[in-house]
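Note sheet for the following structure.
If you read the sequence from its start, that first residue is 1, and numbering goes on from there. Both ligands and their constituent atoms are indexed starting at 1 by order of listing.
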Amino acid sequence: MSDAPIGIFDSGVGGLTVARAIIDQLPGESVLYVGDTAHSPYGPKPIALVREYTLAVLDDLVERGVKMIVIACNTASAATLRDARERYTQQLGIPVVEVIQPAVRAAVVQSRVGRIGVIGTTGTIMSRAYDDAFAAAPHLSVHSRACPRFVEFVEAGITSGPELFDVAEEYLAPLKAEGIDTLVLGCTHYPLLAGAIRYVMGPGVTLVSSADETAADVYRTLVQHGIERADPAPPTYEFDATGKSKIEFTRLARRFLGPEVSTVELVETGTIPLPERHT
Ligand code: DGL
């Protein structure tokens, strides 16, 4: 069991920022990544539909024998937080790590003045999952803002320039006005915009990336469960996509993760009918 891969799930390629952090912090672990590109983006979709898509892929990962599940997508984490723990950890003993709680924990520790901003997709912000996670620290003041166009910019490869800065100014101005000192990047894609976000917010604001914090949580969970990989052979990496285009997934995936994305497979998930494939 401990030599089985860590199952990482995202709506598409964005979760590869989390996979990157996990591979960096746990270089001996094998990874099986599934991006639900057939149904992405999740951000603008109703939360019930995101939940249905997410659980179908997670069921599939469990069937394929992963030792642990990482929900790398913020929108999917917001939609399935409680369900996933009940379904996989309580019923099957498979630990689940998601991206919201690790980022919230880090933000609570890092904030000096207790004024925290959260940015994410429309689905994540509307679900209020971050507000719920921060509720345990009622002395903090939390200000959330959906930044839906940021995902489009990243997928188009745009990480600077006047159009991005204008949109970033518009999205982030209310958070600046609130005097936040810590900003949670509550979406898989936003670490790739960290430069632009830092430029707009100014040097006094600390950015918290879910990717690094989640990888630290994965590390801790593996050690606590005693399921670190013991096999001396090199680890394996597999990157699967549910959608049509291998080429598009691979192109974007290389940007998010780097050269580890050498082989991409297209897979079907359990219960959701998928469009025809072009391999
Ligand atoms: N992975 C999603 C998230 O972190 C962003 C992309 C999408 O909308 O599917 O919320």
Stepwise side-chain contact (heavy atoms from CB on, under 4.5 Å) test for Tyr88 and Leu55: CA-CA 10 Å; Tyr88 306 111; Leu55 294 178; 3.9 Å; yes
Check the pair Asp10 / Tyr42 against side-chain hydrogen bond (donor to acceptor under 3.5 Å, both in side chains), numbers first and verdict last. CA-CA 9 Å; Asp10 180 49; Tyr42 279 8; over 6 Å; no
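Protein heavy atom in closest approach to atom 10 (O) of ligand 1: Thr75 OG1, 2.6 Å. Of the protein's non-hydrogen atoms, the one nearest atom 7 (C) of ligand 1 is Tyr42 N, 3.4 Å.
Under 4.0 Å is where a charged nitrogen must lie from a carboxylate oxygen, and between Lys67 and Glu228 no such pair does.
Ligand 1 places these atoms under 4.0 Å from at least one heavy atom of Cys187: 3 (C), 4 (O), 5 (C). Close approach to Thr188 involves these atoms of ligand 1, each under 4.0 Å from a residue heavy atom: 1 (N), 2 (C), 3 (C), 4 (O), 5 (C). With ligand atoms numbered from 1 in the order given, ligand 1 contributes 1 (N) to contacts under 4.0 Å with heavy atoms of Asp10. Close approach of ligand 1 to Ser11 (heavy-atom distance below 4.0 Å) involves ligand atoms 1 (N), 2 (C), 6 (C), 7 (C), 9 (O). Proximity to Thr121 (heavy-atom distance under 4.0 Å) selects the following atoms of ligand 1: 5 (C), 8 (O), 10 (O). Near Pro41, meaning under 4.0 Å from any of its heavy atoms, are these atoms of ligand 1: 7 (C), 8 (O), 9 (O).
When each of Leu175, Val184, Leu207, Leu193 is tested with Ile119 by the rule side chain to side chain contact (heavy atoms under 4.5 Å, CB included), just one qualifies, namely Leu175. No option in Thr80, Thr121, Thr54 other than Thr121 meets the side-chain hydrogen bond (donor to acceptor under 3.5 Å, both in side chains) test with Thr75.
For the pair Asp181 (side chain) and Gly204 (backbone), a donor-acceptor distance under 3.5 Å is absent.
Assignment of Gly12 to the shell around ligand 1 is not supported, since no heavy atom sits closer than 4.0 Å.
With a heavy-atom cut-off of 4.0 Å, Val99 does not touch ligand 1 at all.
Between Phe256 and His189, the ring center distance clears the sub-6.0 Å criterion.
Considering backbone and side-chain N/O of Ser40, none are found under 3.5 Å from N/O of ligand 1. Inclusion of Gly43 in the set of residues having an N or O under 3.5 Å from an N or O of ligand 1 is warranted.
More than 12 non-hydrogen atoms from other residues, nucleotides or ligands lie less than 6.0 angstrom from OH of Tyr171.
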